[in-house]
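Note that the structure is predicted; figures quoted are calculated from it, not measured.
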Amino acid sequence: MFDKILVANRSEIAIRVFRAAHELHIPSVGIYSAEDRLTLHRFSTREAYRVGEGKGPIDAYLDMEDIIRVAKLSGADAIHPGYGFLSENPDFAHLCAESGVTFIGPSPEIMRRLGNKVEARALAMQADVPVMPATEPLPDDDGETVRLAGEIGYPLMLKASWGGGGRGMRVIEDESALVEQVAAARREAGAAFGNDEVYLEKLVRNARHVEVQIMGDLHGQVVHVFERDCTVQRRHQKIVERAPAPYLSQAERDEICGAAVRLAQSVHYCNAGTVEFLQDVDTGEFYFIEVNPRIQVEHTVTEQITGLDLVKSQIRIAAGARIGDVESSGIPAQDDIGMRGAAIQCRVTTEDPRNNFIPDYGHIVAYRSPAGPGIRLDAGTAYSGAVIGRHYDSLLVKITASGVS
């Protein structure tokens with residue numbers, strides 16, 4: 001097992017990983033930007049260091065060399081990236097390996113193959129997983145882009161090949177808006193992910209968003225931990241998640257979870273990940289969308305219905321534990337993974353519904369947490385007296401409610 005784990009993130013996910021490490025009796029190290037010097041996650045672990053000296057609030061958490069410096073300074077032999085920031089950056093995973101630090105997540109090679117949505121589609125087809133009709137990465141030639149769009153047929157969804165979170169995504173209703181929207185999406189994708197590659201995909205208007213939690217180990221084993229429904233979204237970002245998806249029959253559940261495992265096995269996937277699908281409500285057909293090679297914001301609902309601790313298992317698997325050996329990895333064999341009841345997660349944010357949901361900022365004068373049977377809170381910035389800045393995500397706390405019928 002690791003001697004010490006550095007958590008290369010902030011707020012609630014940093015605190016979540018600190019807790020998992022503490023329960024495994026592993027010391028943890030935090031990092032923080034200048035803007036985060038008074039935030040809760042800095043004081044939720046005994047050891048924390050400022051990173052990104054002279055850099056902006058976001059760039060500080062993207063300073064790969066400085067994070068490695070802190071890992072070596074503190075004696076951390078593993079880094080957990082959380083979600084967002086560097087969690088899907090293969091260059092960071094590669095730098096960790098070069099520096100003798102274990103990256104708690106998939107290998108750089110797997111992230112490169114799955115991080116590009118176009119290549120991930122090709123891998124899905126090879127694994128006999130159904131995909132949505134789509135183009136290859138769009139060329140710079142506007143005329144050729146118009147021709148490719150016509151071949152797929154409108155309406156279309158314009159997507160960035162790299163990254164997620166709704167950035168670079170556009171609904172294209174007809175040819176009149178195509179060229180302008182492609183240019184805008186390229187600018188947004190380039191600014192967000194450092195790569196402006198985009199592609200077009202057939203839009204299914206009446207669709208459900210279903211994702212499958214997978215776990216793989218270093219010994220070639222991959223299992224699924226059932227599915228989550230993430231259909232309730234705004235601006236292509238999830239805001240309410242639940243598990244299991246209540247509309248799936250057992251046959252549909254077996255189909256979609258089996259497809260996710262096939263794809264993961266085909267690339268020798270390791271650690272936690274999520275395979276995402278759309279289900280056409282009118283036909284019932286499933287289509288692969290993408291793989292998120294990291295822990296998800298909504299992992300809490302899966303933990304509540306299965307009783308598994310996915311973050312602790314991430315750490316154990318990165319240290320060499322085998323799936324199927326519960327004492328080693330915390331993950332039983334596939335046939336022994338069960339679920340009971342249901343869970344739903346909602347996100348409390350600073351967004352102002354009276355002002356087009358723009359994230360707000362300021363001073364929290366009073367804060368009272370919900371409590372009671374079946375209530376789980378994952379918080380990072382919400383407490384009485386907290387000062388909420390404008391620099392980061394608007395999430396204050398995740399509330400997960402669960403029950404057994």
Side chain Lys202, main chain Tyr154, donor-acceptor under 3.5 Å: yes
Arg340, CZ atom: more than 12 neighbouring heavy atoms under 6.0 Å: no
Least distance between heavy atoms, Ile31 atom then Val7 atom: CG1-O, 3.7 Å
Any side-chain donor near an acceptor of the partner, Gln233 and Arg235, under 3.5 Å: no
Candidates His224, Glu298, Arg228 - the one meeting side chain to side chain donor-acceptor pair (under 3.5 Å) with Gln213: Arg228
Electrostatic pair Arg170:Glu188 at N-O distance under 4.0 angstrom: yes
Short side-chain to backbone donor-acceptor contact, Asn356 and Ile358, under 3.5 Å: no
Asp335, CG atom: more than 12 neighbouring heavy atoms under 6.0 Å: no
Aromatic plane relationship, Tyr61 with Tyr392 - under 30° parallel, 30 to 60° tilted, over 60° perpendicular: perpendicular
Any donor-acceptor N/O pair, Asp66 side chain to Gly52 backbone, under 3.5 Å: yes
Heavy-atom pair with the smallest gap, counting every atom of Met111 and Pro106: CE-O, 3.9 Å
Short side-chain to backbone donor-acceptor contact, Glu227 and Ala245, under 3.5 Å: yes
Main-chain N/O of Val326 paired with Ser329 side-chain donor or acceptor, under 3.5 Å: no
Inter-residue atom distance Ser402.OG - Ile305.CD1, 0.5 Å rounding: 9.5 Å
Distance-only side-chain donor-acceptor flag, Thr45 / Ser28, under 3.5 Å: yes
For the student: nearest non-hydrogen atoms of Val146 and Leu178, plus distance: CA-CD2, 3.7 Å
Other residues, nucleotides, ligands: >12 heavy atoms within 6.0 Å of His25 NE2: no
Polar side-chain atom of Gln279 near backbone of Val210 as donor-acceptor pair, under 3.5 Å: no
Residue pair Glu136 / Arg121, side-chain heavy-atom distance below 4.5 Å: no
Side-chain heavy atoms of Tyr247 within contact of Arg208, under 4.5 Å: yes
Steps toward side chain to side chain contact (heavy atoms under 4.5 Å, CB included) verdict (Leu158, Leu138): CA-CA 10 Å; Leu158 177 62; Leu138 293 178; 4.0 Å; yes
Point-to-point distance, once rounded to the nearest 0.5 Å, from CD of Gln334 to CD1 of Ile331: 10.0 Å
Donor-acceptor under 3.5 Å (Glu119 side chain, Asn116 main chain): no
Heavy-atom pair of closest approach, residues Gly320 and His219: O-NE2, 2.8 Å
Any Ser313 side-chain heavy atom under 4.5 Å of Met215 side chain: yes
Chi angles and distances behind the side chain to side chain donor-acceptor pair (under 3.5 Å) call for Tyr49, Glu47: CA-CA 7 Å; Tyr49 298 84; Glu47 195 174 357; 2.5 Å; yes
Ser384 (side chain) donor-acceptor with Tyr367 (main chain) under 3.5 angstrom: yes
More than 12 heavy atoms of other groups within 6.0 Å of Tyr383 OH: yes
pair Leu278-His209: side-chain heavy atoms closer than 4.5 Å: yes
Nearest heavy atoms of Asp217 and Gly220, plus distance in Å: OD1-N, 3.1 Å
From CA spacing to verdict: salt bridge (Lys or Arg N to Asp or Glu O under 4.0 Å), Glu65, Arg69: CA-CA 6 Å; Glu65 289 77 13; Arg69 175 191 66 81; over 6 Å; no
Check: Lys398 and Leu377 side chains under 4.5 Å, non-hydrogen atoms: no
From Arg316 atom CZ to Asn271 atom CG, the distance as rounded to the nearest 0.5 Å: 13.0 Å
Main-chain N/O of Lys159 paired with Lys117 side-chain donor or acceptor, under 3.5 Å: no
Rounded distance (nearest 0.5 Å) linking atom OG of Ser394 with atom CZ of Phe357: 11.0 Å
Minimum heavy-atom distance between Ile295 and Tyr83, given as atom pair plus value: O-CB, 3.5 Å
Test side chain to side chain contact (heavy atoms under 4.5 Å, CB included) applied to Pro137 - qualifying residues, sequence neighbours left out: Val118, Glu197
Partners passing side chain to side chain contact (heavy atoms under 4.5 Å, CB included) against Glu53 (at least two apart in sequence or in another chain): Arg50
Residues, nucleotides or ligands: over 12 heavy atoms within 6.0 Å of Glu327 CD: no
Test item: Ser99 and Leu95 side chains (from C-beta on) under 4.5 Å apart, heavy atoms: yes
Residues forming a side chain to side chain contact (heavy atoms under 4.5 Å, CB included) with Thr400, sequence neighbours excluded: Thr300, Val301, Gln304, Ala343, Gln345, Arg376
Nearest-0.5 Å distance, NZ of residue Lys238 to CD of residue Glu241: 7.0 Å
NZ or CZ of Arg37 within 45° of Tyr32 ring axis and under 6.0 Å: no
Expected output: side-chain Asp77 to main-chain Asp3 donor-acceptor under 3.5 Å: yes
Lys/Arg N to Asp/Glu carboxylate O, Asp325 vs Arg322, below 4.0 Å: no
Residues, nucleotides or ligands: over 12 heavy atoms within 6.0 Å of Arg390 CZ: no
Whether over 12 other heavy atoms sit under 6.0 Å from Glu23 CD: yes
Test item: Ile5 and Ile79 side chains (from C-beta on) under 4.5 Å apart, heavy atoms: no
Lys/Arg N to Asp/Glu carboxylate O, Lys55 vs Asp63, below 4.0 Å: yes
Asp91/Arg112 salt bridge by N-O under 4.0 Å criterion: yes
Residue pair Arg16, Asp309: steps toward the salt bridge (Lys or Arg N to Asp or Glu O under 4.0 Å) verdict: CA-CA 11 Å; Arg16 170 71 183 93; Asp309 189 314; 2.9 Å; yes
Contact check, side chains of Leu395 and Glu12, non-hydrogen atoms, under 4.5 Å: yes
Stepwise side chain to side chain contact (heavy atoms under 4.5 Å, CB included) test for Val225 and Ile337: CA-CA 7 Å; Val225 195; Ile337 300 175; 4.2 Å; yes
Distance in Å, His299 NE2 paired with Gln314 CD, rounded so as to fall on 0.5 Å steps: 8.0 Å
More than 12 heavy atoms from other groups under 6.0 Å of NE2 on His22: no
